[in-house]
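Down below is the structure, laid out as structure tokens.
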Number of protein chains: 2
Amino acid sequence: MYLEPTVQRGEVRDRRPVPCAGCIVRQESICGCLSDDGLVALSRLGRKIHLKRGTTLLWEGAEAALVGNVLRGVLKISTMAHDGRERIVGLAYPGDFVGRPFGRSSLHNLTALCDAELCVFGRGAFEMFAAEHGEIEHALLRRALDDLDDARRWLLLLGHKTARQRVASLILEVAERLGRWAPDNIVTLPFSRQQMADILGLAMETVSRSFSQLHAAGVIGLPGGRQIGIRDMAELVAEAGD
Amino acid sequence: MYLEPTVQRGEVRDRRPVPCAGCIVRQESICGCLSDDGLVALSRLGRKIHLKRGTTLLWEGAEAALVGNVLRGVLKISTMAHDGRERIVGLAYPGDFVGRPFGRSSLHNLTALCDAELCVFGRGAFEMFAAEHGEIEHALLRRALDDLDDARRWLLLLGHKTARQRVASLILEVAERLGRWAPDNIVTLPFSRQQMADILGLAMETVSRSFSQLHAAGVIGLPGGRQIGIRDMAELVAEAGD
DNA sequence: CGAGCAGTTGATCATTATCAAAGACGGTGG
DNA sequence: CCACCGTCTTTGATAATGATCAACTGCTCG
């Protein structure tokens, strides 16, 4: 599945031919492009880490020492504004690649919104590996291009959507990216109202009001906590607009 | 400088050892990473095109047949919203790479805001070339990562900046990306007020008012047309905020 | 059981969109 | 060279949306 940090290099080469065989995000992550041999080599550079909710892995401005894949949980990509408020510029879901390889220090913080698991690599080691494995660079490129398309969708949202449209859009994104819902189409949001507000460029109160409106309209249910029941998916999509 | 479309393949191999030697954006573009041999090979796939202001090179949804580098001018990356209004999600300046290689059809239109020149390649041919030249994929990756950082800066702008901050930010970006200004720190904007509004997520009237305010504050001059005089750079940076 | 925090709801204010009209600019043709 | 037309821009008045300030609710955790 993965190489424990405690395992020494080279020792287990023969006993674990395909260390990532059980990885839950292997197909969706950039590792999906590698041959078994490549996976063995890469896994030797990586280790799995657990982050508790609220833990920050990468710091804005600091030399980003790590890159990696998200296995479980959701992380926020953020910066601190001059007024001290946090600005969230992106989210990382399972299968996403995080960190900033190649030049430039990290422009953003990377923080776990809920308990999370990642498979991380030292940046230098990963870059050297990538230099020797064109497939990985290609996979990274495709992903970066997709991330860019995603960021541009968010530009549309922040540039032109109303509060309700933004909230509906975010619910839909989480429902899609976190995939399987509980029965009754219930999605558990990994963020607080304030964090949603930071993501959507709104005030917390406005987010709350939008939820109430969507609830009153019968589009969603609010069973409590951070759970959202999607009562009328078609209408929710319509509310999300554009 | 570049290979004219009329020149036959293979004919000029020896007479033009470095066809891109005079290219104005060679160092800033992804081609900067190539050896002379690589440049010769790539230039054989490309051709230079001129676009008149308003011409659209790539259409949303259509199979994007071309990719390339911007040599001169500024292009907008846009989509059409349901209400028929245009939503601009990005700009491409000289040295930028445009188009969507590898999978996915283009999600956006690509349109010249002013007369422009590009060095373009057939997408398939370019992808094959990239597959054989890891340097190019690497350069594309670095650029895609930079573009992603840029897009996230725009997210901050659209998410949290006021109208005046947005306008000031855009003036600064154009001043920086279009580089050399005329005497008196004059920048010529490549877009109409309406286009600026589409870019900044504002109404055209609000953009106009913001200009008037910055003018009244003595930060900028408005000599006429699309020209902006930067009277007080420090203050303009302060106005741009965050 | 109470303290503290996240979330909701209400009232008011600020910013920006929208609607409307006047003014400036650029190109065209006399 | 100038007058005219259409388009782009500016300015004004009003309305809508969301931010801010404030009170209150419900929940969780000592």
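When reading the values below, keep in mind they use all heavy atoms of this one structure, side chains included, and skip hydrogens, waters and symmetry mates. Letters A, B, ... mirror the listed sequences (proteins, then strands); counts begin at 1.
Around CZ of Arg53(B), the count of heavy atoms belonging to other residues, nucleotides or ligands within 6.0 Å does not exceed 12.
Ion pair Asp146(A)/Arg100(B) flagged as a salt bridge, since at least one NZ, NE, NH1 or NH2 atom sits closer than 4.0 Å to an Asp/Glu carboxylate oxygen. Ion pairing between a basic and an acidic side chain is recognised when a charged N comes within 4.0 Å of a carboxylate O; Asp198(B) and Arg87(B) show no such pairing. Using a cut-off of 4.0 Å between Lys/Arg side-chain N and Asp/Glu carboxylate O, Arg72(B) and Asp115(B) are scored as not salt-bridged.
When DNA chain D is scanned 5' to 3' for any atom under 4.0 Å from a heavy atom of chain B, the first and last hits are dT9(D) to dA13(D).
When each of Glu205(A) and Thr162(A) is assigned the nucleotide of DNA chain D with its nearest heavy atom, Thr162(A) is the one assigned upstream, toward the 5' end.
Ser208(B) comes within 4.0 angstrom of a nucleotide base, judged by non-hydrogen atoms across all strands. Ala163(A) comes within contact range of the sugar-phosphate backbone alone, with a heavy-atom separation under 4.0 Å but no base atom that close.
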message: Is there a ring pair (Phe, Tyr, Trp, His ring centres under 6.0 Å) between Phe126(B) and Phe97(B)? Walk through the geometry before answering.
response: CA-CA 12 Å; Phe126(B) 181 82; Phe97(B) 182 83; 5.5 Å; yes
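Remark: P of dA17(C) and CZ of Arg193(B) are 15 Å apart, rounded to the nearest angstrom. Between Leu202(A) atom CG and dA14(C) atom P there is a gap of 20 Å when expressed in whole angstrom units. Nucleotide dA24(C) holds its P atom 19 Å from the CZ atom of Phe211(B), rounded to whole Å. For the pair Met204(B) CE and dC19(C) C1', the interatomic distance rounds to 12 Å; values are reported in whole Å. Here dT8(C) presents its P atom at 11 Å from CZ of Arg226(A), a figure rounded to the nearest Å. Distance Gln194(A) CD to dT8(C) P: 13 Å, rounded to the nearest Å. Going from atom CD of Gln165(B) over to atom P of dT15(C) covers 11 Å, rounded to whole Å. Atom CG of Asp198(B) is separated from atom P of dA17(C) by 12 Å (rounded to the nearest Å).
Annotation: cation-pi pair Arg193(B)/Phe211(B) present, NZ/CZ under 6.0 Å from the ring centroid and within 45° of its normal.
With 3.5 Å as the limit, one finds no donor-acceptor pair spanning the side chains of Glu60(B) and Thr79(B).
The shortest distance between the side-chain N/O atoms of Ser192(A) and the OP1/OP2 oxygens of dA6(C) is not below 4.0 Å.
On a pure distance criterion of 3.5 Å, no polar donor-acceptor pair joins the side chain of Arg209(A) and the base of dG7(C).
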